[in-house]
Amino acid sequence: MATLGPRQLSNGLEPHPKRQRTSPSPPPLPSSQDGRDFLNDCLPDDDEDATSSQPAMVHWKRPPPPKLDPSSDPLVFQQIDIDYYVGASTVPGMPGMGTGPVPVLRMFGVTSDGNSVCSHIHGFLPYFFVPAPRDFSTQHCATFRSALNTAVMGDLRSSRDNIREAVLAVEMCRKSSIYGFYFNEMSDFLRVTVSLPKLVAPARRLVSCISVPPFGQIDYQVYEANIDFEVRFMVDTGVVGCSWIELPAGKYRFRNQSQTCGTGTLIGGGGASEMKPHPPVTRCQIEVDVSYEDFISHLQEGEWQAIAPVRILSFDIECAAKKKGAFPEAQRDPVIQIANVAVLQGETEPFVKNVFTLDTCAPIAGTDVRVFAPETKLPKYEAELRMSEAELRKYEAELRKYEAELRKCETQLLKEWAEFLQELDPDIITGYNIVNFDLPYLLNRAKALKVDSFPYLGRVRDSRTTMRDSTFDSRAYGKRVNKIISIEGRIQFDLFQILLRDTKLRSYTLNSVSYHFLGEQKEDVHHSIITDLQKGNEQTRRRLAVYCVKDAVLPIRLLDKLMCLINYMEMARVTGVPLAYVLSRGQQIKVVSQLLRKAREKDLLMPVHKSEAQEEYAGATVIEPSRGYYNIPIATLDFSSLYPSIMQAHNLCYTTLLFKSTDRERLTPDQYIRTPSGNHFVKSSVRKGLLPEILEDLLSARKKAKAELKEEKDSFRRKVLDGRQLALKLSANSVYGFTGANVGKLPCIEISQSVTSFGRQMIDQSKNLVERKYCVANGYPFDAKVIYGDTDSVMVRFGVGTVAESMELGREAAEMISATFPHPIKLEFEKVYFPYLLINKKRYAGLFFTRPETHDKMDCKGIETVRRDNCRLVARLIDTCLHKLLLDRNQTTHCVCQTEISDPLQPRVDISQLVISKELTRTSGSKEYATWT
DNA sequence: GTTTCTACCTAA
DNA sequence: TAAGTTAGGTAGAAAC
């Protein structure tokens with residue numbers, strides 16, 4: 001699938017009419033302190049074309065959409081956002097027709113030619129299940145529906161919003177619960193369909209309150225009543241996040257290409273009643289209607305793995321506080337600049353680079369400067385003492401006039417920026433902290449200036465962009481307070497939030513992040529001088545604009561380097577959730593999405609979990625460390641993907657869990673297992689668990705990523721592939737976490753405690769096996785000893801003196817031990833540490849060898865050097881100590897240490913006793929000093 | 001002056 | 001509403 005190049009983009013497009021080139025030949029760029037023009041690195045110069053009246057970076061409209069004939073041409077696009085709205089019923093032959101408002105799903109996406117698409121999807125309705133009462137039959141469905149409908153409608157009272165029917169259908173079906181093994185037997189369930197997603201909650205609550213004769217009131221366990229509507233839809237229609245969607249010819253209907261769809265066929269089957277086409281409601285180039293039963297979601301194979309030429313806009317704003325150095329307030333302080341950079345996914349050069357400036361600004365090479373300047377100039381201010389009263393009054397009047405004009409300019413700037421955004425029509429909006437700063441500031445500022453046309457940044461024309469606060473509290477990510485900004489159809493891909501989620505850095509300023517990932521500093525304009533630069537002249541404002549543009553360029557470059565978009569799209573595809581979920585939600589929803597898909601294939605239902613206080617359960621073993629400095633090689637053996645492999649090997653799943661001893665009695669002993677924690681599960685020969693299947697999928701995807709990693713030469717792309725395989729591993733690991741999630745969608749302590757109990761048993765067994773085999777009694781020169789181990793690893797001192805010998809024994813031992821465990825459990829030799837400093841549980845360091853010749857790196861775990869809750873100086877000091885201890889063993893320091901390390905096997909040096917008194921840490925100039933004892 | 005609890009962060 | 005897990009080190013405050 002070819003991506004769209006800039007050449008095609010500009011084809012036939014006029015430059016933006018409002019744009020005025022500020023100068024035909026830009027003056028020289030200002031230089032940074034070291035004399036190097038730091039911007040040349042990222043801003044391509046278009047000087048060669050300086051005399052042209054159509055400079056680069058001004059064509060931002062999308063290519064014109066092709067003329068499609070819906071009766072013969074399919075419409076194919078990559079969907080990037082899915083949501084729903086409540087609208088009037090439009091599709092004939094669907095349940096709920098004519099009963100009032102119905103939910104309509106919406107897919108936003110991009111075609112391979114770079115056209116934006118919105119597809120309204122009709123006819124899909126929310127539902128949930130309850131077990132059918134004993135002796136229930138189809139003839140009872142109507143009574144049941146009516147009783148529940150009455151209850152829900154009564155519950156709605158004043159908030160009915162024209163809803164005429166709440167419960168649309170009650171049907172019988174054969175299903176089984178996912179939770180527990182019931183001999184593969186199906187039983188009768190009732191599928192309750194309601195007219196709107198928001199009615200699921202009251203219906204689910206009231207279903208246990210109604211009395212349906214002759215069954216009476218029943219306290220139902222409800223199933224799948226807690227599934228997000230989008231996820232429900234995607235699971236049922238086989239759509240995964242960011243998949244390619246094909247609307248076959250004859251199955252969809254245009255809203256905005258009246259010239260090509262004059263007599264389009266009706267959606268939902270050849271009824272005689274010709275429908276009037278709906279007018280378009282979005283700003284997408286192609287807007288269509290389709291039935292939820294009539295589209296194809298392509299599996300991510302072959303050409304359907306491609307990524308459409310998605311438009312990414314990065315922007316950054318500058319605002320100037322009235323008071324120097326104060327934090328700007330949108331109520332009072334103006335937005336003085338907005339820089340915008342746009343690229344197509346897959347390309348490195350931006351096709352738009354501009355900056356909106358309040359007041360004049362000198363030209364910047366390669367950047368379209370759009371000036372919003374007042375006619376009058378800022379009046380010259382002389383020191384008060386020198387001005388006469390008349391002069392002062394005149395000055396103040398001029399100042400007021402100037403400021404009023406400036407306000408008008410700012411209003412215009414905001415207005416035109418919103419228009420620019422709509423014309424550019426980005427699929428992805430990025431930047432640095434845009435969600436919690438730039439966007440709220442712009443929205444608040446537009447409100448303060450009464451720019452009524454501003455807060456319409458989404459793709460739905462009349463839908464206002466709104467803001468609200470939300471808190472995200474998870475044990476894994478901690479508590480986070482964020483703004484939620486509604487920009488329908490565009491994904492807010494805030495790089496700051498992404499880095500906060502995916503990385504653990506000491507500092508998250510754009511500057512330090514750029515340095516960390518791009519090896520490049522951005523020279524910060526300190527916020528205290530922004531106001532002065534703005535109050536200066538067109539050159540000082542230009543300087544500010546250059547920084548502003550750079551702040552918009554950097555997120556794009558970071559996004560590209562870290563391959564964030566691709567990785568997130570991959571994650572959405574693998575786990576099946578919408579792209580936006582990967583950014584804004586936790587791990588659980590991904591597991592739920594996968595679980596629901598697998599369950600659906602087998603007619604299994606997920607119960608709604610009633611949250612009650614869960615018991616705590618035991619986790620992993622940490623082998624008591626034999627603390628010390630080891631001057632001989634230590635081999636490390638690891639179980640790869642321990643918990644996932646345990647779940648696979650022992651078929652641990654909701655669907656294989658045996659609750660009652662009476663159930664076990666119906667099985668032969670070879671049909672089930674007892675886990676070390678005393679729980680029982682049927683073997684895969686009886687029924688294969690869903691969780692093991694999901695894990696197989698994830699781990700095979702990981703294998704693929706690792707294979708690609710092996711082929712990849714570019715070091716940064718290697719890191720990215722490494723990141724992907726790590727993400728898949730994390731996803732696989734979170735399957736275990738999901739079953740143990742205390743406040744979760746479906747915790748199952750039997751599974752999680754069985755997993756950890758197997759793990760404990762395995763690490764014990766590995767320790768025993770290796771120590772029992774590699775001993776003097778068996779003819780080996782030394783008694784091997786496991787000096788440490790944590791969860792899935794054992795560190796073995798074989799006693800041999802060389803890395804090569806240690807590796808040889810390590811490989812052999814790993815193979816020997818692996819053979820004692822069922823597939824796919826595998827203990828692998830991973831590395832040798834030599835020398836190795838074992839300080840404490842979860843605190844150690846060593847030189848890391850994967851080949852006998854040279855060490856790969858110095859590996860530090862849990863020590864101050866890798867922790868972020870101490871000052872950098874402490875980390876550096878400890879790092880130096882570790883270098884001296886591990887690397888310069890025969891240097892001066894060695895002597896210092898040597899007095900304490902007489903016998904390498906007898907620990908003397910305990911680095912944890914190096915106490916650093918942080919109070920004595922001080923800073924002088926650019927250097928830090930520490931006093932330590 | 002010791003023990004206990006809490007916050008924070010990391011290992012796996 | 002939605003939020004992966006337990007084990008465990010270290011530092012400093014609070015409790016005894």
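So you know, we letter chains A, B, ... as the sequences are listed, proteins then strands, and number each from 1.
Between the CG atom of A:Asn733 and the P atom of C:dA7 there is a distance of 16 Å, rounded to whole Å. Remark: C1' of C:dA3 and CD of A:Gln587 are 11 Å apart, rounded to the nearest angstrom. The interatomic distance linking A:Glu615 (CD) with C:dT6 (C1') rounds to 15 Å, in whole Å.
Contact annotation: A:Arg867 side-chain N/O to C:dG9 OP1/OP2 distance is not under 4.0 Å. Side-chain nitrogen and oxygen atoms of A:Asn226 include none within less than 4.0 Å of the OP1 or OP2 phosphate oxygen of C:dA2.
Using cut-offs of 30° and 60° for the angle between ring planes, the A:Phe233 and A:Phe124 rings count as perpendicular. In this structure, A:Phe849 and A:Phe834 have tilted ring planes: the angle between them lies in the 30° to 60° band.
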Can A:Val240 and A:Val577 be said to form a side-chain contact (heavy atoms from CB on, under 4.5 Å), step by step?
CA-CA 6 Å; A:Val240 295; A:Val577 299; over 6 Å; no

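Here A:Ala741 lies in heavy-atom contact (under 4.0 Å) with sugar-phosphate atoms only.
When the nearest nucleotides of DNA chain C are assigned to A:Tyr617 and A:Glu864 by heavy-atom distance, the more 5′-ward of the two goes with A:Tyr617.
The listed nucleotides are C:dA7, C:dA2, C:dG9; the one nearest the side chain of A:Arg585 is C:dA2.
For the residue pair A:Asn482 / A:Asp469, no side-chain donor-acceptor distance below 3.5 Å is found, with atom types taken as modelled.
Running 5' to 3' along DNA chain B, contacts with non-hydrogen atoms of chain A at under 4.0 Å begin and end at B:dC8 to B:dA12.
A salt bridge does not link A:Arg232 with A:Asp228: none of the charged nitrogens is closer than 4.0 Å to a carboxylate oxygen.
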